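Worth saying up front: this structure is predicted, and the values here are computed from it rather than measured.
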Amino acid sequence: DTQADVFADYHTSFEIPGALPHPADVVESQSLASTPAPSVVYKSVYELEHWPLHPVLRAGKLSELQLETVSLCGARHTRLLPDGRRAGFFLGDGAGVGKGRQI
């Protein structure tokens with residue numbers, strides 16, 4: 001198998017107006033790439049109507065890929081489990097994606 005057979009370029013599942021592309025190339029397994037991302041209606045504070053853009057977006061401190069994770073995490077935390085606890089989110093990005101900035 002070549003890398004092209006195993007990995008696919010990662011593309012965010014939705015656009016965040018004003019967000020910059022991620023500075024590094026990011027890949028995911030072909031099997032993950034073939035699975036549709038969950039639909040997200042949650043809007044992070046960075047996506048709410050701001051004019052001018054939210055300072056984090058304006059300064060380019062988080063990429064579109066990182067902001068997608070913030071939104072997915074926020075959406076997950078809005079869910080309550082049957083026992084009343086809040087649902088969690090596992091951030092399993094690889095090295096160099098910017099997990100520290102996202103948290």
On a heavy-atom basis, the closest approach of Q30 and D5 is CG-O, 3.3 Å
Residues P17 and L57: closest non-hydrogen pair is O-CD1, 3.8 Å
The reported gap from CD in E68 to OG1 in T12 (rounded to nearest 0.5 angstrom) is 5.0 Å
Taken to the nearest 0.5 Å, the spacing of E28 CD from D9 CG works out to 9.0 Å
In short, K61 meets Q66 closest at the heavy-atom pair O-OE1, 4.0 Å
In terms of hydrophobic clusters joined by side-chain contacts under 4.5 Å, are L62 and F89 together? yes
Establish whether F7 and L32 are linked, either directly or via other cluster members, by ILVMFWY side-chain heavy-atom contacts under 4.5 Å. no
S71 and F14 have their tightest heavy-atom pair at CB-CZ, 3.8 Å
| request: Kindly determine whether V40 and L72 satisfy side-chain contact (heavy atoms from CB on, under 4.5 Å), including the steps that lead there. | output: CA-CA 7 Å; V40 177; L72 291 169; 3.2 Å; yes
side-chain contact (heavy atoms from CB on, under 4.5 Å) test vs L65 passes for just one of L20, I16, V26, namely V26
Nearest heavy-atom approach of R76 to A87 is O-CB, 3.4 Å
